[in-house]
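Naming convention: chains lettered A, B, ... in sequence-line order (proteins, then strands); numbering from 1 in each chain.
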Amino acid sequence: MERSSLVPYLLILPAFLYLMFFVGYPLVQALYLAFVHDGSFSLEVWKRAFSDYYFWSAFKYTLSLAAVIVPTQVALAVVLALMMNRIFKGKDAALYALIIPLTISDVAAGLIWYSMLSPYGFLNKLLLNVGLINNPIYFFGYQYRAREFLAIVLAELWRSTSIVFVIVLAGLQMISRDYLEAAEVFGASYWTKLRKIVLPLLKPSIQSALIIRTLFAMQVFGVVWILAGRDIPVLAGEGYYQLTVIKDTGVASVYALVIAGLSILLGALYIKFLKAEYLEVGR
Amino acid sequence: MNDETRYALKKIGFYTAVFTAVVWIVLPIIVSFLYAFSTKMDYYNPSKVIPTSFTGEYVRVILFNLGAWDGIKNSVIVATLTIVISFILGVPAGYSIAKYMFPGKDQIKLSIVALRMFPIPVMAIPLIVLYIRLNLVDTLLGVALAHTAMALPFVVLITSSIFAGVSKEYEEAAMVFGLTRFGSFRKITLPLAAPGLAAAAMFTFVMSWNEVFVASILTLSNRTLPAQILSIMAGSAGGAAPDYYKFAAAFIMTLPAMIFIFFARKYLVTMWGISLK
């Protein structure tokens, strides 16, 4: 290998400095905005944020959306990946269809699901014409908050399951055929192979998908803003609202820091989880 | 039940499952496209599940009267700037991680991954204060700089795995024949890595194209498409846009993505290490 020199460091340095600046500076600035009031340290801004009804509501809804969406989509993605890891007629077309959402933004996904679920949308018209319902089901409006929640879950599952699917499928394809063939020689059934070989070997992929999705769920914004507005407050949405409508940079920074705190906490939990896993397999 | 029927049933069940999954993804897109072009009468007619008369009026209004076309132009500019800046910074770093051994490499790689996980709002909200000082508020460059911070860790990691995939022997052979390290990089590694780099560039483009939070916060009059659509559809008026405009907006946002995936599908998939077939 190359003798040790400064070259590799010099190649990395620009990228590293850029990231440090764009992450480091905002972080310092956020702490300043959130903790400094009239030029001295104070918890005044936090009190202002905490006393807002929307704060705790946003906290609750962000976590509950993540708690519903992430496990469901991971399970769904594993099933889809197992299906698509076989060879069958029309596989390529099916695979392309399943990765389409990778390129669709959360705002677009929100609008697309609005066309499915709105009072005159596809679902309502279909059910009315089939005769299953007599009046349209209303999904939107603050008096239907539970259904708005459901609409967000549907749109997010639709949009962001494909990234989990792709990660899990990549993991599946890295599993050596030797293991499965050996198991077959010993007469293992499909379910035994799945439980004893495939799922354990898939664990790292599933865990990295879990991390990525959970962290992004903490910042959920576009879908919610399109489908429910502030009926379903979320942390990123409230930060946006505080900054653009109320013009309170301090409280907006509090929201940003809470998102960061949750992300770091969850990330650390997952990394601890991951490390234990690697020790187990003796790495 | 004999083995043959059991096999046939299994096959039917499998295809039904695949079909259901595909319909679940594709149907909402088809429906929103149809509704984007359906006339008001057809849309509000409860017995017309599938519209039969069509108009381009709403798409036209969104594009040219409500500023979506400017949004598209801004999005393209921001995404292109993001690719250029993040590749200038990221490709050398990716190459360094792929081709050199040096103390601290793992820690540097890990911290880059960690920065990828940094929540966007934490970056965007305080950036406002800096941007006011630098006169970058409401500029496309400002959004591109923030999008670069978002895309750069990804570019470093992806390019490093692409470069790592280019066999060392080629470069060493080139250097034996008298090329410098940079020369062998330019003549050998870069052409071999080009398809992968193109895929990474496309993905960077999509990331920037779809990003809405940073773009909404940092701009007011020069908005990218998602930010523009968000403010039209769910602005402070509280989502007052009539339904058929929402569908037209969905169409305008989704079509470029669909065209993109049509051309990039092979790269998009191989980039994540999945082989088709």
Side-chain angles (χ1 to χ4, degrees), chain A residues 1-2 4 8 11-12 14-15 18-19 22-23 25-26 29-30 33 80 83 92 94 96-105 107-108 111-116 118 120 122 125-126 128-129 166 169-170 173 215 218-219 221-222 225-226 229 236 239-240 243 245 252-253 256 259-260 263 267, chain B residues 17-18 21-22 25-26 28-29 31-32 35 43-44 46-47 49 89-90 92-93 95-96 100-102 108 115 117-123 125-127 129-130 149 152 156 206 210 212-213 217 226 229-230 233-234 236 238-239 243 246-247 249-250 253-254 257 260-261 265 272-274 276:
Chain A
M1 209 72 200
E2 197 78 3
S4 97
L11 289 173
I12 291 183
Y18 188 93
L19 284 173
F22 270 89
V23 175
Y25 175 84
Q29 187 69 43
L33 289 170
L80 285 174
M83 267 161 51
D92 282 3
Y96 292 148
L98 292 181
I99 59 170
I100 287 174
L102 276 180
T103 56
I104 294 180
S105 67
V107 173
L111 290 168
I112 286 172
W113 275 87
Y114 183 80
S115 72
M116 296 295 280
S118 66
Y120 285 93
F122 183 76
K125 281 194 197 172
L126 189 71
L128 280 169
N129 281 282
V166 165
L169 185 58
Q173 298 199 331
L215 295 190
M218 293 301 110
Q219 324 168 20
F221 171 64
W225 208 248
I226 287 284
Y240 173 79
L243 189 72
V245 180
S253 295
I259 294 171
S263 302
Chain B
V18 172
V22 170
I25 296 295
V26 175
I29 297 174
V31 167
S32 75
Y35 282 9
Y43 171 63
Y44 285 120
S47 60
V49 181
L89 296 167
Y95 183 82
S96 168
Y100 291 89
M101 281 292 216
F102 52 91
I108 289 175
L115 291 172
M117 296 300 164
F118 198 71
I120 288 168
V122 189
M123 191 181 77
I125 293 174
L127 264 190
V129 182
L130 175 69
L152 187 53
V156 173
V206 173
N210 282 341
V212 67
F213 194 89
I217 279 184
I229 297 286
L230 190 79
M233 293 304 139
S236 38
D243 286 4
K246 291 191 177 174
F247 308 149
M253 292 192 76
T254 313
F260 165 80
I261 198 144
R265 58 196 180 193
W272 293 94
I274 298 174
L276 290 170

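The part of A/L80 that comes within reach of chain B is its side chain, from C-beta onward, which places non-hydrogen atoms under 4.5 angstrom from that chain. Looking at A/Y18, the atoms closer than 4.5 Å to chain B (heavy atoms on both sides) all sit in the side chain, from C-beta outward. Looking at B/Y35, the atoms closer than 4.5 Å to chain A (heavy atoms on both sides) all sit in the side chain, from C-beta outward. Using a 4.5 Å cut-off between heavy atoms, A/I100 contacts chain B through both its backbone and its side chain. Interface remark: B/F213 contributes backbone and side-chain atoms alike to the contact with chain A (heavy atom separation under 4.5 Å). Only the side chain of A/F221 comes within contact range of chain B, with at least one heavy atom under 4.5 Å from a heavy atom of that chain. Of the two parts of A/L33, only the side chain, counted from C-beta on, holds a non-hydrogen atom closer than 4.5 Å to a non-hydrogen atom of chain B. With a 4.5 angstrom heavy-atom cutoff, A/M218 does not touch chain B via any of its atoms. With a threshold of 4.5 angstrom between heavy atoms, A/L126 approaches chain B through its backbone and through its side chain.
Among the candidates B/A21, B/S47, B/S96, B/P28, the residue making the largest number of heavy-atom pairs closer than 4.5 Å to chain A is B/P28. Comparing B/P226, B/G90, B/A250 by how many heavy-atom pairs each has under 4.5 Å with chain A, the most go to B/A250. Counting heavy-atom pairs under 4.5 Å between each of A/G229, A/P101, A/A236 and chain B puts A/A236 at the top. Contact tally against chain A (heavy-atom pairs below 4.5 Å) for B/L152, B/T254, B/V22: the top residue is B/L152. For the options A/N129, A/L215, A/L98, heavy-atom pairs under 4.5 Å to chain B are most numerous at A/N129. Looking only at heavy-atom pairs under 4.5 Å with chain A, the residue among B/L130, B/I29, B/V206, B/I108 that has the most is B/L130. Contacts with chain B were tallied for A/W113, A/F122, A/Y240; A/F122 has the most, counting heavy-atom pairs under 4.5 Å.
The minimum heavy-atom distance linking B/V26 with A/A97 is given by the pair CG2-CB, 3.9 Å. Pairing each heavy atom of A/V107 with each of A/G222, the nearest pair is CG2-CA, 4.2 Å. Of all heavy-atom pairs between A/A252 and B/I125, the closest is O-CD1, 3.5 Å. Among all heavy-atom pairs drawn from A/A15 and B/A93, the shortest one is CB-CB, 4.0 Å.
Side-chain contact annotation: B/Y43 with A/S118, donor-acceptor N/O pair under 3.5 Å present.
Under the rule for a side-chain hydrogen bond (donor to acceptor under 3.5 Å, both in side chains), A/S263 has no partner lying at least two apart in sequence or in another chain. Annotation: side-chain hydrogen bond (donor to acceptor under 3.5 Å, both in side chains) contacts of A/Y120 (sequence neighbours excluded): none.
Looking only at distances, no side-chain donor or acceptor of A/Q29 sits under 3.5 Å from a matching main-chain atom of B/P126.
Using cut-offs of 30° and 60° for the angle between ring planes, the A/Y114 and B/F247 rings count as tilted.
Considering CZ of B/F102 and CD1 of A/I12, their distance stands at 3.5 Å, rounded to 0.5 Å.
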